[in-house]
Number of protein chains: 2
Amino acid sequence: MIASLVGDPARANMLTALMNGRALTASELAQEAGITPQTASSHLSKLEAGGLVEPEKQGRHRYYRLTDDDVAGVLEGLAGLAARTGHMRVRTGPKDPALRRARICYDHLAGDLGVQMLDTMRTRNLVRQKKQDIELTTEGERFLAKHLQISPDMLTHPRRPVCKACLDWSERRHHLAGTLGAAMMQRFAELKWAARDATPGSRVVNFTRTGEKQFAALFGGEKD
Amino acid sequence: MIASLVGDPARANMLTALMNGRALTASELAQEAGITPQTASSHLSKLEAGGLVEPEKQGRHRYYRLTDDDVAGVLEGLAGLAARTGHMRVRTGPKDPALRRARICYDHLAGDLGVQMLDTMRTRNLVRQKKQDIELTTEGERFLAKHLQISPDMLTHPRRPVCKACLDWSERRHHLAGTLGAAMMQRFAELKWAARDATPGSRVVNFTRTGEKQFAALFGGEKD
DNA sequence: TTCATGCTTCGATGGTAGCCGAAGCATTGC
DNA sequence: GCAATGCTTCGGCTACCATCGAAGCATGAA
């Protein structure tokens with residue numbers, strides 16, 4: 001069972017340390033989890049067998065990273081559930097401030113800016129949210145076409161919903177997933193408003209100066 | 001840690017059994033997980049403390065359901081990860097089809113048709129439901145008098161409520177109980193729309209051809 | 001070659017948590 | 001009233017698994 005892998009405190013600490021997308025050596029992960037290298041080795045081989053992490057040999061070192069964004073997404077979901085029941089473990093979220101601000105969750109925008117975006121879209125009636133279900137309003141369609149050149153027919157997919165609420169790891173509130181969430185993130189990249197961090201495997205999303213300005217103009221709150 | 005809750009095989013089996021959105025009793029979940037009721041009780045209290053499931057008391061039974069869609073979503077994600085590394089599990093299917101369709105619950109109609117009836121009554125504003133409490137609207141009173149010759153004064157009882165939501169055994173959704181539920185079932189029998197199965201001890205309710213038609217005319221959905 | 005570093009495997013230990021039998025409440029039915 | 005059913009609590013037993021020390025492989029540097 002996958003969940004039992006994540007359930008162990010030592011392994012959970014390791015996985016949390018890997019949540020920023022960077023690869024860490026076995027020793028570093030051991031220290032991160034507060035255990036000896038031989039114990040860490042045992043854990044890491046189990047995580048690898050479960051498909052949660054992938055090793056990369058480099059000289060005498062073995063670097064481990066999360067397998068892909070799906071794994072990160074599930075971990076994020078678990079952290080979200082843990083957070084809302086106050087059942088969380090030591091770490092309350094990413095300590096990296098850049099990661100808290102904006103990051104990739106599967107293929108859409110998460111973090112402070114992701115939550116803020118959905119908030120604004122909701123208050124401006126671009127979407128209507130009922131629990132986990134979100135639907136795009138006609139006002140929202142007009143908005144997307146006008147400002148982001150996104151039309152509804154670009155968003156249809158046989159198995160995936162257009163809009164979906166996704167629990168945010170660091171903010172503990174919902175951000176926007178689904179084909180729309182993915183399309184908007186892609187558009188931000190195309191417009192050179194933002195780009196995934198160059199560091200291999202990093203989930204950080206860096207906004208450019210002008211990108212941040214444009215984003216704030218569309219989705220910024222009253223503050224700032 | 002939330003993940004460790006899901007990680008235990010017995011608890012994972014329980015949660016998987018709840019994934020269809022229906023509620024199950026503690027004993028049923030015990031059987032589903034292949035453990036004794038006292039062990040299941042321990043597991044369920046932990047799941048409840050972790051905010052993964054919510055109980056609903058009904059008579060001697062305790063029905064458990066997943067807290068909300070966020071929980072189900074995370075479980076889906078975990079199952080997805082498990083599936084791609086080949087750690088799948090199996091699902092269970094329904095049993096007696098006749099019993100699922102229509103049966104007696106105490107003295108009122110249960111099963112697929114019972115749930116359907118309450119659904120329709122709710123959407124047509126014949127009743128208003130708030131959680132477990134149901135109240136008859138004036139529209140509902142008119143409807144009952146016109147189509148089933150049931151008047152409100154037939155329904156008063158010192159200890160029993162007129163309307164009550166009763167969790168359905170097979171559908172795991174609410175059907176209508178209380179003196180109204182009983183009166184309607186009785187009326188169906190008097191009109192020869194339906195009758196309890198002749199088999200001694202059987203709880204199956206058989207609808208006649210015309211009875212099914214009349215019932216569908218009053219409470220049928222769009223389909224059929 | 002020889003040594004040092006990084007990681008893994010082996011073996012033994014101990015704490016934790018799942019498990020069940022028996023008894024205790026609560027609700028319903030007679 | 002009493003019995004039956006459903007669920008919980010309590011106490012003890014057992015099995016599993018995380019943990020670490022020590023030894024075994026690798027790789028890289030001298």
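Protein chains get the first letters and strands the later ones, always in sequence-line order, with residue 1 at the start of each.
- Along DNA chain D, the nucleotide nearest A:Q38 and the nucleotide nearest A:S4 are compared for position; the residue whose nucleotide lies closer to the 5' end is A:S4.
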Passes side-chain contact (heavy atoms from CB on, under 4.5 Å), A:L29 versus A:L18? Steps please.
-> CA-CA 9 Å; A:L29 288 170; A:L18 291 173; 4.0 Å; yes

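- Within 4.0 Å of A:Y63, counting heavy atoms only, lies no atom of the nucleic acid at all.
- Rounded to whole Å, the distance from CG on B:L24 to C1' on D:dG6 is 15 Å.
- Side-chain nitrogen and oxygen atoms of B:H43 include none within less than 4.0 Å of the OP1 or OP2 phosphate oxygen of C:dA17.
- Out of C:dG29, C:dG21, C:dT8, the shortest distance to the side chain of B:R60 is found at C:dG29.
- Ranking C:dT9, D:dT19, C:dC20 by closeness to the A:S41 side chain, first place goes to C:dT9.
- Picking from C:dA26, D:dA18, D:dT9 the nucleotide with the shortest atom distance to the side chain of B:K57 gives C:dA26.
- Whole-Å rounding puts the B:M14 CE to C:dG18 P distance at 11 Å.
- At D:dT8, one or more side-chain N or O atoms of B:R62 fall inside 4.0 Å of OP1 or OP2 (strictly under the cut-off).
- Within the 4.0 Å cut-off from OP1 or OP2 of D:dC17, not a single side-chain nitrogen or oxygen of A:K46 is found.
- Heavy atoms of B:S42 sit nowhere under 4.0 angstrom from any nucleic acid atom.
- Residue B:R11 places at least one side-chain N or O closer than 4.0 Å to OP1 or OP2 of C:dG18.
- B:R65 has a carboxylate O that lies under 4.0 Å from a charged side-chain N of B:E56, or vice versa, which qualifies the two as a salt bridge.
- Put simply, A:T39 has no side-chain N or O that comes within less than 4.0 Å of OP1 or OP2 on D:dT19.
- Look at CD on A:Q31: it is 14 Å from C1' on C:dG6, rounded to the nearest Å.
- Using the six-membered ring where Trp is involved, A:H175 and A:H108 have ring planes that are tilted, between 30° and 60° apart.
- Residue-level contact check: A:A10 touches the backbone only, with heavy atoms under 4.0 Å from sugar-phosphate atoms and none from bases.
- Checking C:dC20, C:dG18, D:dT8 against the side-chain heavy atoms of B:I35 singles out C:dC20 as nearest.
- OP1 or OP2 of D:dG28 has not a single side-chain nitrogen or oxygen of A:H61 nearer than 4.0 Å.
- Taking a cutoff of 4.0 Å between a charged side-chain nitrogen and a carboxylate oxygen, A:E28 and A:R62 do not qualify as a salt bridge.
- A salt bridge is absent between B:R128 and B:E139: the closest approach of a Lys/Arg side-chain nitrogen to an acidic carboxylate oxygen does not fall below 4.0 angstrom.
- The distance from atom CG of A:D8 to atom C1' of C:dA17 is 13 Å, rounded to the nearest whole Å.
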